[in-house]
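Sequence lines set the chain letters: A, B, ... in the order given, protein chains first and strands last, and positions in each chain run from 1. Only heavy atoms go into these numbers, but all of them, side chains included; no hydrogens, no water, no symmetry mates. The structure presented is a predicted model; accordingly, all values stated were derived computationally and were not measured.
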Amino acid sequence: MRAELRAIGALGARSIRNTFRYPRYLGPILIFPTLFLAVNTGGAGGAIDLPGFPEVHGFLDFQLAAGILQASLLAAVMGGTGLALDIELGFTDRLLAAPIRRPTIVLGRLAATFALGMFAAIWFLAIGFAFGAIVKGGVLGVIFVILFGGLTATAFGGIASAIALKSGTASVVQGMFPLVFVILFVSSAFFPAELMQEPSQTIAHYNPVSLVATGIRGPVVSGLRASDTLDGLLGLAIIGGLGFVLSAWGLRARLRAS
Amino acid sequence: MTAIEVQGLEREFKGGVKAVQGIDLAVGEGEIYAFLGPNGAGKTTTVRMLTTLLRPTGGRALVAGHDVAKEAAAVRRQIGVALQEAALDPLMSGHELMRLQATLHGLPRAEGRRRADALVERVGLGYAKDRRVGTYSGGMRRRLDLGMALVHEPRVLFLDEPTTGLDPSSRAAIWDEVRRLNDEGTTVFLTTQYLEEADQLADRVGIIDDGRMAIEGTPAALKAQVGQPHLDVCLTDGANDHAEGVLARFGEVRPGIEGVHFQVTLAGGAGDIAPVVRALDEAGLAVAQLNLVNPTLDDVFLAETGRHLEGDQDTGEVAALSLESG
């Protein structure tokens, strides 16, 4: 067990190092969501005056969850892309020939995605603080937001890994890139679901990403509330559970096909 | 003791493609065994099954005493693997990759670092150990790959086409290292499409064609089965009616082009060269060129399958002696 944990740690460290060594990996995780945050906050800041918009300190505070979610989802996509590149390069064969359990290969990648998700959360919190946002949940709230960032990336990372394992092609995983935005737009990540038009409102209501958005946003705009945290964890459980099942299926398919 | 024991090994892919069709082989402890065959013969599929990367669909294989299908983890602990097209992460340094490999094989951190240090030096990459692998040449990558396969001191080393695409000096460096490893007691199973590689390195050679073992034995024994060496004789003057009669004293003669080129099988081997030269001289026949041609593993393959090995870029027709006169 200890050897497996060391292997997960070593593989995770490798993935993180590579992300920082190769700007094409890191760029999308931070640049796109940061630009989105800037454009949204600057252009749609008046939305907080709309009837039905929740009471918040500022629109930036509300949008931080969107930035963190977006970056976490993109970290998941980049993690899946990295796994698919390993398959394309044949590096996965090297790992498969080592005396480690097969799931360790995926878990190593997910460990890195978790760390990158937390890094993205820290990045957006720093931007938020720099531009006047406050976290009502205090230090504990900050910790909660960072943890949610990591868990969100990991949960979606499972789905990205499944696609990587099944397809074995980086371009297929990168094809998820636009899908990330679609998933986010039909959730309450950017705007409260109550202010959306149909059918987006109904989709957002059932979209588990809305639950995760509540889990991340709650500590920022409302302080620590059990209901927000439970909503967030429920969303993560749904997405993570799906990711777990799909990646287990993808790994089995990959091992059969290799 | 047997390091690798294979009985009736088969692999059928989706769509009914049978890449390996019932291979039997045994490799002794401390042996270098070369698996020779053309592209698509089933070499890599066999290696992938023996290294637990691919599940056999039939037969049985034991590596280091463990069944590759039922005790895959135990097999993986005993083997080192350097696969075709050295699959290395271009963003990592050579030393980082070595350390990662050590961790994956469960070595403690300090021990892993010590072995990584020793192995990068051993494979001649000490000067480049902190450089990203993406900057390495093909030969450096292969040497690193080989070093990584050794980090846990495996009993059996699998090398899948270790020198394909390398220049002669890089190839020679890999060969030297393989010999050194074998001298230290490591069993080596290598696949190759290079005749010279099998000839130079292997204690025994198995020739595979179309998923089946065509023939197996020591290189010398296999070549001896094909026949004696022959001498290519090229005379300066054409239409030498009596040249065939002179050469016939030494073995079977095949006349060549326009009475100047002959092939004579030397019953006495290379020892017959001097008498042949003397006899031609005494008969007043001037020699333009003389080549001793030994049977090659390609001749063995040709004799067994009716085809030449593809992809071989070596001087397969080994010319042990080449004399030219004015």
Side-chain angles (χ1 to χ4, degrees), chain A residues 1-27 78-79 81-109 111-112 168 170 251-258, chain B residues 11 13-14 44-45 47-55 57 63 66 68 71-93 96-109 112 132-134 141 144-145 148-149 151-152 154 157-158 160:
Chain A
M1 187 63 189
R2 195 175 161 187
E4 293 296 330
L5 288 174
R6 277 192 65 216
I8 290 169
L11 291 171
R14 167 192 170 244
S15 302
I16 294 169
R17 230 179 359 242
N18 282 1
T19 304
F20 282 93
R21 281 179 183 175
Y22 199 47
R24 268 177 58 184
Y25 286 156
L26 190 61
M78 297 319 288
T81 304
L83 182 58
L85 278 174
D86 277 353
I87 295 168
E88 284 182 9
L89 275 173
F91 194 80
T92 307
D93 281 342
R94 178 179 299 286
L95 304 179
L96 289 171
I100 54 172
R101 291 172 187 273
R102 281 23 188 166
T104 296
I105 298 167
V106 180
L107 291 173
R109 182 63 68 175
L251 184 60
R252 189 171 295 180
R254 171 62 36 196
L255 292 173
R256 266 204 304 263
S258 64
Chain B
R11 176 66 204 200
F13 289 103
K14 271 183 186 171
T44 296
T45 304
V47 166
R48 290 181 72 83
M49 287 192 281
L50 295 180
T51 55
T52 76
L53 291 174
L54 190 64
R55 227 179 147 76
T57 50
V63 175
H66 301 285
V68 296
E71 302 165 279
V75 170
R76 289 197 287 268
R77 275 191 285 275
Q78 300 287 340
I79 63 170
V81 186
L83 293 170
Q84 211 171 337
E85 303 289 324
L88 302 167
D89 184 340
L91 294 175
M92 294 176 77
S93 72
E96 284 171 346
L97 270 168
M98 284 273 196
R99 291 203 317 268
L100 175 65
Q101 186 83 353
T103 304
L104 295 177
H105 279 88
L107 297 179
R109 191 187 299 269
R132 286 191 193 174
V133 170
R141 283 164 178 255
L144 176 62
D145 198 17
M148 286 173 68
V151 80
H152 56 296
L157 180 63
F158 288 90
D160 191 11

request  = With rounding to the nearest 0.5 Å, note down the distance linking OG1 in B:T52 to CG in A:L96.
outcome  = 8.0 Å
remark   = If one checks every heavy atom of A:R101 against chain B at 4.5 Å, the contacting part turns out to be neither
ask   = Would you find a donor on one side and an acceptor on the other, under 3.5 Å apart, between the side chain of A:R6 and the backbone of B:T103?
value = no
ask   = By a 4.5 Å heavy-atom criterion (distance strictly below it), what part of A:Y25 contacts chain B: side chain, backbone, both, or neither?
value = side chain
task = Name the option with the most non-hydrogen atom pairs under 4.5 Å to chain A; the candidates are B:H152, B:R77, B:M148, B:E96.
result = B:E96
ask   = Which atoms form the tightest heavy-atom contact between B:R132 and A:R21, and what is the distance?
value = NH2-CG, 3.3 Å
request  = Nearest 0.5 Å please: distance from the CZ atom of A:R94 over to the CG atom of B:D145.
outcome  = 4.5 Å
inquiry  = Are there over 12 heavy-atom neighbours, none belonging to B:R109, within less than 6.0 Å of that residue's CZ?
reply    = no
ask   = chain A heavy atoms under 4.5 Å from B:L100: which part of the residue, side chain, backbone, both or neither?
value = side chain
key: Minimum heavy-atom distance A:P99-B:A73, with the two atoms named   = CB-O, 4.3 Å
B:L88 and A:L89: CA distance, side-chain angles, deciding distance, side-chain contact (heavy atoms from CB on, under 4.5 Å) verdict = CA-CA 8 Å; B:L88 302 167; A:L89 275 173; over 6 Å; no
note = Heavy-atom nearest pair, B:R76 first then A:A98, reads NE-O, 3.2 Å
remark   = Tightest non-hydrogen contact, residues B:L53 and A:D93, listed as CD2-O, 3.6 Å
remark   = Value for CD (B:Q101) from CG (A:L95), rounded to nearest 0.5 Å, stands at 8.0 Å
key: Flag if over 12 foreign heavy atoms under 6.0 Å of CZ, A:F20   = yes
ask   = For the residue pair B:L97 and A:F91, what are the closest heavy atoms and their distance?
value = CD2-CE1, 3.7 Å
task = Report the distance from atom CZ of A:R14 to atom CG of B:D89, rounding to the nearest 0.5 Å.
result = 4.0 Å
